[in-house]
Amino acid sequence: EARRGLDAELAREDLEAEIRGKEAEAATLRQEAERTRAESATALSRLNAERHGVLGPLRLEVERRRAQCEGFRGDWEAADPELAELGAQLREAIEVQGSLRFSLLRSRGEAERALQLRQSLEARAGELRDRLEDARASYVHAVDALDQRVA
């Protein structure tokens with residue numbers, strides 16, 4: 001019995017040592033995770049600052065180029081009336097194309113709904129035909145039964 005108690009005490013000490021080791025390992029991992037989070041936050045802040053620093057001038061350049069292109073178009077249209085007319089026709093054609101696309105999509109949807117309605121009405125007509133045929137058969141059977149009684 002003393003041997004058992006000694007074995008239990010040794011096992012308990014081993015477990016406590018293992019627990020202390022795991023706690024120390026968890027504390028180290030926690031510190032490393034916090035350090036990594038802090039580094040990530042710093043890197044993210046730096047990246048955002050760089051992105052805003054780069055994107056701002058790029059946006060300005062894009063707007064400047066757009067205005068320049070609009071100016072060129074205005075110059076071309078002023079210099080060549082035929083080109084201006086073609087440009088106006090092109091813009092009108094693009095608007096018509098968009099309108100036609102919209103109309104096509106709307107018509108396609110209406111056609112699909114009409115097809116579904118037709119299919120459901122055909123199915124209903126089939127059901128009604130079957131019921132009519134059953135009613136006729138029942139009527140003929142009832143008339144035959146009455147004729148047999150009378151005869």
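- Other residues sharing the hydrophobic cluster of L117, ordered by chain and number and joined by side-chain separations under 4.5 Å: L121.
- Within the structure, every pair that satisfies the salt bridge (Lys or Arg N to Asp or Glu O under 4.0 Å) test and touches residues 93-120, not counting sequence neighbours, is listed here: R118-E122.
- Of the inter-residue distances, the one linking E63 atom CD with E61 atom CD reads 10.5 Å to the nearest 0.5 angstrom.
- Remark: E82 engages no residue in a salt bridge (Lys or Arg N to Asp or Glu O under 4.0 Å) (not counting sequence neighbours).
- Applying the side-chain hydrogen bond (donor to acceptor under 3.5 Å, both in side chains) criterion to R35, with sequence neighbours excluded, gives E39.
- Heavy-atom neighbours of E92 CD from other residues, nucleotides or ligands within 6.0 Å: at or below the threshold of 12.
- Within the hydrophobic cluster formed by Ile, Leu, Val, Met, Phe, Trp and Tyr side chains joined at under 4.5 Å, directly or through other members, V150 stands alone, with no partner residue.
- Interatomic distance, L29 CG to E34 CD, rounded to the nearest 0.5 Å: 11.5 Å.
- With rounding to the nearest 0.5 angstrom, the OG atom of S120 is 9.5 Å from the CG atom of L115.
- Sorted by first and then second residue, the salt bridge (Lys or Arg N to Asp or Glu O under 4.0 Å) pairs involving residues 138-151 (not counting sequence neighbours) form an empty list.
- In this view, E13 satisfies the side-chain hydrogen bond (donor to acceptor under 3.5 Å, both in side chains) rule with no residue, not counting sequence neighbours.
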Can you list, pair by pair, the side-chain donor-acceptor contacts under 3.5 Å of residues 125-141, counting residues two or more places apart and other chains?
| residue | atom | partner | partner atom | Å |
| --- | --- | --- | --- | --- |
| S138 | OG | D134 | O | 3.1 |

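- With sequence neighbours excluded, no residue satisfies side chain to side chain contact (heavy atoms under 4.5 Å, CB included) with S107.
- The salt bridge (Lys or Arg N to Asp or Glu O under 4.0 Å) pairs that include a residue from residues 14-30 are R12-E16, where partners are two or more places apart or lie in different chains.
- Taking Ile, Leu, Val, Met, Phe, Trp and Tyr as members and joining any whose side-chain heavy atoms lie under 4.5 Å apart, directly or through other members, L105 forms no hydrophobic cluster with any other residue.
- Within the hydrophobic cluster formed by Ile, Leu, Val, Met, Phe, Trp and Tyr side chains joined at under 4.5 Å, directly or through other members, V96 is accompanied by L100.
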